[in-house]
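Convention: sequence-line order gives letters A, B, ...; per-chain numbering from 1.
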There are 2 protein chains.
Amino acid sequence: MDEIDRMLIGLLQEDATRSYAVLGKAVGLSSGAAHERVRKLRERGVIRRTTIEVDHEALGRAVTAYVLVDGGAWMGESAAGLAAIPEVEEAHVIAGPASVLLKVRTAGTRDLQDVLRRVFEVNGVTGTRTVVVLETFFERILK
Amino acid sequence: MDEIDRMLIGLLQEDATRSYAVLGKAVGLSSGAAHERVRKLRERGVIRRTTIEVDHEALGRAVTAYVLVDGGAWMGESAAGLAAIPEVEEAHVIAGPASVLLKVRTAGTRDLQDVLRRVFEVNGVTGTRTVVVLETFFERILK
DNA sequence: ACTGAAAATACTGTTGA
DNA sequence: TCAACAGTATTTTCAGT
């Protein structure tokens, strides 16, 4: 993980369709050497996968919400319960006023209501507080 | 945006290195037809970009936190102020107990403290409440 | 670990259906 | 809008340094 690896990661985060020739030129290496470094970054799991960023609204998910989930004596088993709800994009155990924080994307408020009902049915959940996103300033890639 | 487009998007979200030949076979089209559909999805902005998912911990960002930002009479100008803080990955205007919700990634709690100080210096901010992530169950791609 | 080049594969525009 | 083809570019491997 030297400076060149970090540059390669940054370049690929911006645009993962760049050729190894272009990547190599940008960091001062040959196409083959750039390829080998990226291959190792993938192998070591520093690069998890190559994917696409989508426009969620265009795909029919107009509502984004965060859900604070209360309830404590469960941890392990409920991760699976939350993962089984397809509208839940992220689930984090947090320190502070609740146990778990979820990021949820749904088509509308009706579907959000349905997701909240299903969250409530997960073992150990005693309550939820929901924060609806009105506008997203940015969701970006950290440098 | 028919069912085939949705399948192509799903396949590319899982692995954007798949060839058009593979994509075409998976959805029952030729390589050229699959390519044309993906090109149009990009053109229309449904596919925003191709990128890599990284292991933030491996890149020296071990701490994830959510920051509820209080303060109201500002909206427009402060988006730029928040975007100027490189550790802020997301910023959303929310309905509810605060004005803005930030997702922040830092190397450690010391850096988190520094980010909070800079958030507080943004015009219009009157207070912050921070929730530190103890464990991330998942951050995934929605189907 | 990198270079340079060769071989295999994939992309991308064009044609005609 | 799609399939098939052809030229171009890229990926991927490998011998040599």
Side-chain angles (χ1 to χ4, degrees), chain A residues 1-62 86 105 107 139-143, chain B residues 1-62 86 105 107 139-143:
Chain A
M1 273 304 303
D2 60 5
E3 191 50 41
I4 292 178
D5 283 339
R6 286 180 202 284
M7 287 170 70
L8 290 170
I9 288 169
L11 290 163
L12 288 172
Q13 281 181 310
E14 281 173 11
D15 180 2
T17 69
R18 286 200 245 249
S19 74
Y20 292 114
V22 168
L23 291 175
K25 185 163 289 183
V27 302
L29 289 178
S30 70
S31 146
H35 179 258
E36 180 64 5
R37 276 176 177 262
V38 172
R39 192 192 62 72
K40 282 180 185 160
L41 287 168
R42 286 186 205 280
E43 188 182 65
R44 287 161 44 203
V46 178
I47 296 175
R48 289 226 172 92
R49 67 164 134 193
T50 302
T51 186
I52 53 171
E53 265 184 30
V54 302
D55 180 341
H56 293 284
E57 297 205 16
L59 290 170
R61 306 251 175 170
R105 291 194 201 262
E139 287 175 314
R140 68 182 175 186
I141 287 164
L142 294 186
K143 295 295 163 217
Chain B
M1 274 303 305
D2 60 5
E3 191 49 40
I4 290 178
D5 283 340
R6 286 181 201 284
M7 286 171 71
L8 289 170
I9 287 169
L11 290 163
L12 287 172
Q13 282 180 310
E14 282 173 11
D15 180 1
T17 68
R18 286 200 244 248
S19 74
Y20 292 114
V22 168
L23 292 175
K25 185 162 290 183
V27 302
L29 290 178
S30 72
S31 147
H35 179 258
E36 180 65 5
R37 277 176 177 263
V38 173
R39 192 192 62 73
K40 282 180 183 159
L41 287 168
R42 285 185 204 280
E43 188 182 65
R44 288 162 44 204
V46 178
I47 295 175
R48 289 227 172 91
R49 69 162 134 192
T50 303
T51 186
I52 53 171
E53 264 184 31
V54 301
D55 179 341
H56 293 283
E57 297 206 16
L59 290 170
R61 307 248 176 177
R105 289 194 202 263
E139 288 175 312
R140 67 181 175 187
I141 287 163
L142 294 185
K143 294 295 163 218

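Using a 4.0 Å cut-off between charged nitrogen and carboxylate oxygen, A:Arg140 and A:Glu53 do not count as a salt-bridge pair. Between B:Asp15 and A:Arg49, none of the side-chain N atoms (NZ, or NE/NH1/NH2) sits under 4.0 Å from a carboxylate O, so this pair counts as no salt bridge.
The side chain of B:Lys40 has D:dT1 as its nearest neighbour among D:dT1, D:dT12, C:dC11. Considering only side-chain atoms of A:Arg37, the nucleotide from C:dA1, C:dT3, D:dA3 that sits closest is C:dA1. Comparing C:dC2, D:dT10, C:dC11 by their nearest atom to the side chain of A:Ser19 picks out D:dT10. Considering only the side chain of B:Leu29, D:dA3 comes nearest among C:dC2, D:dT12, D:dA3.
B:Leu11 and B:Arg18 get closest at one heavy-atom pair: O-NH2, 3.1 Å. When all heavy atoms of A:Pro86 and B:Leu142 are compared, the pair lying nearest together is O-CD2, 3.0 Å.
Regarding B:His35, its NE2 atom lies at a distance of 19 Å from the P atom of D:dC5, rounded to whole Å. What separates CZ of B:Arg18 from C1' of D:dT11 is a distance of 18 Å, to the nearest Å. Remark: P of C:dT12 and CZ of B:Arg42 are 9 Å apart, rounded to the nearest angstrom. Counting to the nearest Å, the P atom of C:dT14 and the CD atom of B:Glu36 are 12 Å from each other. Whole-Å rounding puts the B:Asp2 CG to D:dT1 P distance at 10 Å. We find that OH of B:Tyr20 is positioned 15 Å from P of D:dC2, with the value rounded to whole Å.
Contacts of A:Ser30 with the nucleic acid, taken as non-hydrogen atoms under 4.0 Å apart, include base atoms. In this structure, A:Ala33 reaches the bases: a heavy-atom distance under 4.0 Å links it to at least one base atom across the strands shown.
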